[in-house]
Amino acid sequence: MSLLFSASVFPFAGVAGETFAVDSRQISNFKVTSEQSTFGSLEFVGGLVMNSDNAQFGALSSIRFRPDGRHFVGVLDTGHWMTGAIERDSEGRLLGLSSVEISPMVGEGGSTEKTKWLVDAEGLALRDGEIVVGFEQRHRVDVYPDAGFETSPPLRSVPFLIPAGELRRNGGFETVVVAPTSSPLAGAVLVVAERSVDPDGNFLAAILEGPLKGRFTLKRRDRYDATDAAFLPNGDLLLLERRFELSTGIGMRIRRIKGSSIRPGAVVDGEVLLEAGFGAQIDNMEGLDVVVGTDGTPHIIITSDDNHSILERSLMLEFRLNEVDAKSTTN
């Protein structure tokens, strides 16, 4: 096994809403028994296995990074926010997390809700002073103020265009993403259902606003579920997918969908950039975001939801996309 681990621990204060320690161990190789680092156009940069004495840590459903590529906002499917920053070693690889805080999400009435099916936060997007969150079970898309979101109720809910009766209770809006403002989608919010499908078996999806407002579907393949997505700087969409079956075990896949193909009424599909199974350092992969690295190339950061289970791990993985055309917005 070619794994290099080194521990890093940051300051602790164990009260909700205050910083606490996350113990992070570095992963040097994506494949368990191989030093292979290049997978098509993706290059594995590094990863982390993360643990904490704070019982609320884990269950991370989605993560979004600030423009600096270091600070992040995440949502837990227990109805909590998580904020913090990533730290890197001298070679630029993920080293650990710092300034991590977890706070309960405030509901419409101004109080926190502890009933899980009412606060099952799964999708997350940031844009211009707003944070957009997708919830499943009690399906909704709520908008919070970016400044003060930790203590604020939602400002409003966004109509999600898909009749709630078409959404599976535990298969709703796992993916919430904001398109580039310079693309034909003009900064619109998009949602993709995790496991709710149309009569042809394709994922239900919608553009919630803007000039191309309307419903579309995304081709479902090989019994994978859609768990998150992020746009590349050039306007293409990266879709994270997950599969778990007793016969094959856990699986993860990233598909790239041309941004120009996303429009009302379309059935969109895309090429597979990466697919991995039991022989790779993956788990229940649910979060994906794209940041621009110091080298100017898009970096893809993927996180897992450990479901607060001793059988699962909280992971953070990073890949570099080595393609010139992925850098510029030319949709």
**Request:** Applying side chain to side chain contact (heavy atoms under 4.5 Å, CB included), run through Gln137 and Leu118 and close with a yes or a no.
**Result:** CA-CA 7 Å; Gln137 301 197 61; Leu118 294 174; over 6 Å; no
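Remark: of the listed residues Leu239, Leu274, Val272, Val272 is the sole one forming a side-chain contact (heavy atoms from CB on, under 4.5 Å) with Arg253. Shown are Lys219, Arg221, Lys258; of these, the salt bridge (Lys or Arg N to Asp or Glu O under 4.0 Å) with Asp269 is made only by Arg221. Of the options Leu124, Val143, Val75, Leu155, a side-chain contact (heavy atoms from CB on, under 4.5 Å) to Ile131 is made by Leu124 and by none of the others. Screening Arg64, Arg66, Arg127 against Asp146 for a salt bridge (Lys or Arg N to Asp or Glu O under 4.0 Å) leaves a single residue, Arg66.
Contact detail for Ser183 and Ala179: the closest heavy-atom pair is OG-CB, 4.0 Å. Minimum interatomic distance between Val292 and Pro233 (heavy atoms only, all atoms of both residues): CG2-CG, 4.5 Å. Scanning both residues, Pro298 and Leu232, for their nearest heavy atoms gives CB-CD2, 4.0 Å. The two residues Glu318 and Ile301 make their nearest non-hydrogen contact at CG-CG1, 4.1 Å.
To the nearest 0.5 Å, atom CG of residue Leu76 and atom NE2 of residue His308 are 6.5 Å apart. Atom CZ of residue Arg93 and atom CZ of residue Arg88 lie 11.0 Å apart, to the nearest 0.5 angstrom. To the nearest 0.5 angstrom, Asn284 atom CG is 5.0 Å from Glu312 atom CD. A distance of 10.5 Å separates CG in Leu48 from CZ in Arg25, rounded to the nearest 0.5 Å. With values rounded to the nearest 0.5 angstrom, Ser99 atom OG is found 13.0 Å from Glu18 atom CD. Rounded to the nearest 0.5 Å, atoms CG (Asp228) and CE (Met285) are 11.0 Å apart.
In summary, Glu136 and Arg195 do not engage in a salt bridge, as defined by a charged side-chain N under 4.0 Å from a carboxylate O. Salt bridge status for Glu194 with Arg242: present, with a side-chain N to carboxylate O gap under 4.0 Å. The pair Asp200-Arg220 does not count as a salt bridge, with every side-chain nitrogen at least 4.0 angstrom from each carboxylate oxygen. A salt bridge between Arg140 and Asp142 is present, with a side-chain N of the basic residue lying under 4.0 Å from a carboxylate O of the acidic one.
With sequence neighbours excluded, the residues that form a side-chain contact (heavy atoms from CB on, under 4.5 Å) with Leu167 are His139, Phe160, Ile162, Phe173, Ala193, Ser196, Leu204. Residues satisfying the side chain to side chain donor-acceptor pair (under 3.5 Å) test with Ser61, not counting sequence neighbours, are Glu122.
Using the six-membered ring where Trp is involved, Phe44 and Phe30 have ring planes that are tilted, between 30° and 60° apart.
Remark: the backbone N or O of Tyr224 is not paired with any side-chain donor or acceptor of Asp222 at under 3.5 angstrom. No donor-acceptor pair under 3.5 Å is formed between the side chain of Glu87 and the backbone N or O of Asp89. Looking only at distances, no side-chain donor or acceptor of Glu108 sits under 3.5 Å from a matching main-chain atom of Pro154. At distances below 3.5 Å, at least one donor-acceptor pair connects side-chain atoms of Ser52 with backbone N or O atoms of Ala21. No donor-acceptor pair under 3.5 Å is formed between the side chain of Asn29 and the backbone N or O of Lys31. Checking side-chain atoms of Arg70 against main-chain N and O of Ile86 turns up a donor-acceptor pair under 3.5 Å. Formation of a donor-acceptor pair under 3.5 Å by the Asp289 side chain with backbone atoms of Phe65 is found in this model. Between the Ser304 side chain and the Leu315 main chain, a donor and an acceptor come within less than 3.5 Å of each other. Of the possible polar contacts, none joining the Ser314 side chain to the Leu60 backbone as a donor-acceptor pair under 3.5 Å is found. Proximity of a side-chain donor or acceptor of Thr227 to a complementary backbone N or O of Leu240 within less than 3.5 Å is detected.
A 6.0 Å sphere centred on CZ of Arg138 holds more than 12 heavy atoms belonging to other residues, nucleotides or ligands. Open room surrounds CG on Asp128; 12 or fewer heavy atoms of other groups in view lie less than 6.0 Å from it.
Here the side chains of Met316 and Leu97 are in contact, with some heavy-atom distance below 4.5 Å. The side-chain heavy atoms of Val158 and Val189, taken from C-beta on, include no pair separated by under 4.5 Å. Residues Asp77 and Asn307 are in side-chain contact: their nearest non-hydrogen atoms beyond the backbone lie under 4.5 Å apart.
When hydrophobic clusters are built by joining Ile, Leu, Val, Met, Phe, Trp and Tyr residues whose side-chain heavy atoms come closer than 4.5 Å, directly or via intermediates, Phe231 is grouped together with Val192. Under the 4.5 Å side-chain heavy-atom criterion for Ile, Leu, Val, Met, Phe, Trp and Tyr, Leu126 and Met82 are members of distinct hydrophobic clusters.
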